[in-house]
Amino acid sequence: DWQATEKLGFRANGGLEERHYQGVNLDRLGFVFGLAADWKAGEKTTVGLSAQRGQKPSNSNGNTINEETSVNLTVRHRLVDQWSLSFDSGYSFAHYTATQVGPVATGAIRNDEYYYLKPGVAYRVMERAQASVFYQYRRNNSNLANNGNDFYNNQLGVELSYRF
């Protein structure tokens, strides 16, 4: 963490991750990181930008690993009293790789490009409690055969949160 100025802060982490898969010779060494910047653009407005890269098992595909790199942007603006507006958006590129040898794993090998846009409005009920309404558009483009993992959807939602 580094607080560069009163209005600008940075966070970073990174390293190498080594993964071993039992029974096969597919060990992987990968670079993982997280970068973030928070900017207080004005008395009522904050902007956050983050990027990360990581590896994780893909439980839905079985015997694959997901190497994902993503970028996210968040803008928050406090209106009057307890009301605020927000806008979140993000993009990620995921590369799925087999962790076993043979035809069982070949169907899960793919690349996905995913993005979302999420505007919302929130009301702070108490000092630590908030209720918000949001709209979210999501889209995933995949190179899986027959567009097997492509989708888009529109969501309207309500969030209730309490911070400790």
Side-chain angles (χ1 to χ4, degrees), residues 1-19 26-79 83-99 108-122 124 130-161 163-164:
D1 279 344
W2 177 45
Q3 191 66 36
T5 68
E6 186 178 304
K7 295 185 175 194
L8 186 61
F10 298 96
R11 294 181 309 280
N13 62 64
L16 295 174
E17 179 181 76
E18 186 175 15
R19 288 191 176 251
L26 291 173
D27 295 345
R28 299 190 187 283
L29 183 65
F31 178 63
V32 295
F33 70 86
L35 301 170
D38 298 307
W39 174 44
K40 187 170 180 175
E43 185 178 321
K44 297 180 178 184
T45 305
T46 59
V47 178
L49 180 63
S50 66
Q52 50 274 336
R53 177 172 172 76
Q55 299 180 33
K56 59 188 174 192
S58 176
N59 296 329
S60 63
N61 288 329
N63 299 317
T64 61
I65 188 168
N66 174 4
E67 298 171 326
E68 185 172 350
T69 305
S70 60
V71 178
N72 297 288
L73 173 69
T74 301
V75 179
R76 303 266 184 266
H77 180 76
R78 188 170 38 94
L79 296 170
W83 290 96
S84 62
L85 294 175
S86 65
F87 178 77
D88 298 315
S89 63
Y91 169 82
S92 68
F93 177 79
H95 177 67
Y96 292 83
T97 308
T99 59
I109 309 306
R110 70 175 198 268
N111 294 326
D112 285 0
E113 291 183 295
Y114 170 84
Y115 69 90
Y116 71 94
L117 305 168
K118 182 182 174 186
V121 62
R124 193 173 67 185
Q130 178 174 288
S132 60
V133 176
F134 67 88
Y135 163 77
Q136 181 172 253
Y137 174 81
R138 304 183 315 153
R139 173 109 180 131
N140 192 74
N141 295 312
S142 177
N143 68 351
L144 189 62
N146 300 320
N147 298 323
N149 203 44
D150 287 0
F151 71 84
Y152 72 93
N153 65 21
N154 297 282
Q155 300 174 341
L156 184 59
V158 176
E159 292 178 330
L160 303 173
S161 61
R163 293 179 294 154
F164 292 92

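Quantities reported herein were computed from a predicted structural model and do not represent experimental measurements.
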CD/Gln3: more than 12 non-hydrogen atoms of other groups inside 6.0 Å: yes
Nearest 0.5 Å, please: how far is [atom2] in [Y] from [atom1] in [X]?
{"X": "Phe10", "Y": "Leu35", "atom1": "CZ", "atom2": "CG", "value": "10.5 Å"}
{"X": "Phe87", "Y": "Phe134", "atom1": "CZ", "atom2": "CZ", "value": "14.0 Å"}
{"X": "Tyr116", "Y": "Ser92", "atom1": "OH", "atom2": "OG", "value": "9.0 Å"}
{"X": "Ser84", "Y": "Arg78", "atom1": "OG", "atom2": "CZ", "value": "9.0 Å"}

NZ or CZ of Arg53 within 45° of Phe33 ring axis and under 6.0 Å: no
Restricting to non-hydrogen atoms, name the atom on [X] and the atom on [Y] that form the minimum distance, rounded to 0.1 Å.
{"X": "Val32", "Y": "Gly54", "answer": "CG1-CA, 3.8 Å"}
{"X": "Asn143", "Y": "Asn111", "answer": "OD1-N, 2.7 Å"}
{"X": "Phe31", "Y": "Gln55", "answer": "N-NE2, 4.5 Å"}

Partner set under ring-ring contact (aromatic ring centres under 6.0 Å, His included) for Tyr135, not counting sequence neighbours: none
Residues which pass side-chain hydrogen bond (donor to acceptor under 3.5 Å, both in side chains) with Arg138, listed by chain and number, not counting sequence neighbours: Asn153
Under the side-chain hydrogen bond (donor to acceptor under 3.5 Å, both in side chains) test, residues paired with Tyr91 that sit two or more places apart: Glu113
Residues that [X] engages under side-chain contact (heavy atoms from CB on, under 4.5 Å), provided they are two or more places apart:
{"X": "His77", "result": "Lys44, Thr45, Leu79"}
{"X": "Gln130", "result": "Ala122, Ser161"}
{"X": "Asp38", "result": "Arg11"}
{"X": "Asn140", "result": "Asp112, Tyr114, Ser142, Asn149, Phe151"}

Can you list the residues that meet the salt bridge (Lys or Arg N to Asp or Glu O under 4.0 Å) rule with [X], with sequence neighbours excluded?
{"X": "Arg76", "value": "Asp88"}
{"X": "Arg124", "value": "none"}
{"X": "Glu68", "value": "Lys56"}
{"X": "Glu17", "value": "Arg19"}

Validation row: Val71, Leu49 side chains within 4.5 angstrom (heavy atoms): yes
Min side-chain heavy-atom separation Val75-Leu85 under 4.5 Å: no
Side-chain (Asn72) to main-chain (Ser50) donor-acceptor, under 3.5 angstrom: no
Side chain to side chain contact (heavy atoms under 4.5 Å, CB included) evaluation trace for Thr46 with Thr74: CA-CA 8 Å; Thr46 59; Thr74 301; over 6 Å; no
Pairs involving residues 152-161, ordered by first then second residue, that meet salt bridge (Lys or Arg N to Asp or Glu O under 4.0 Å) (sequence neighbours left out): Lys118-Glu159
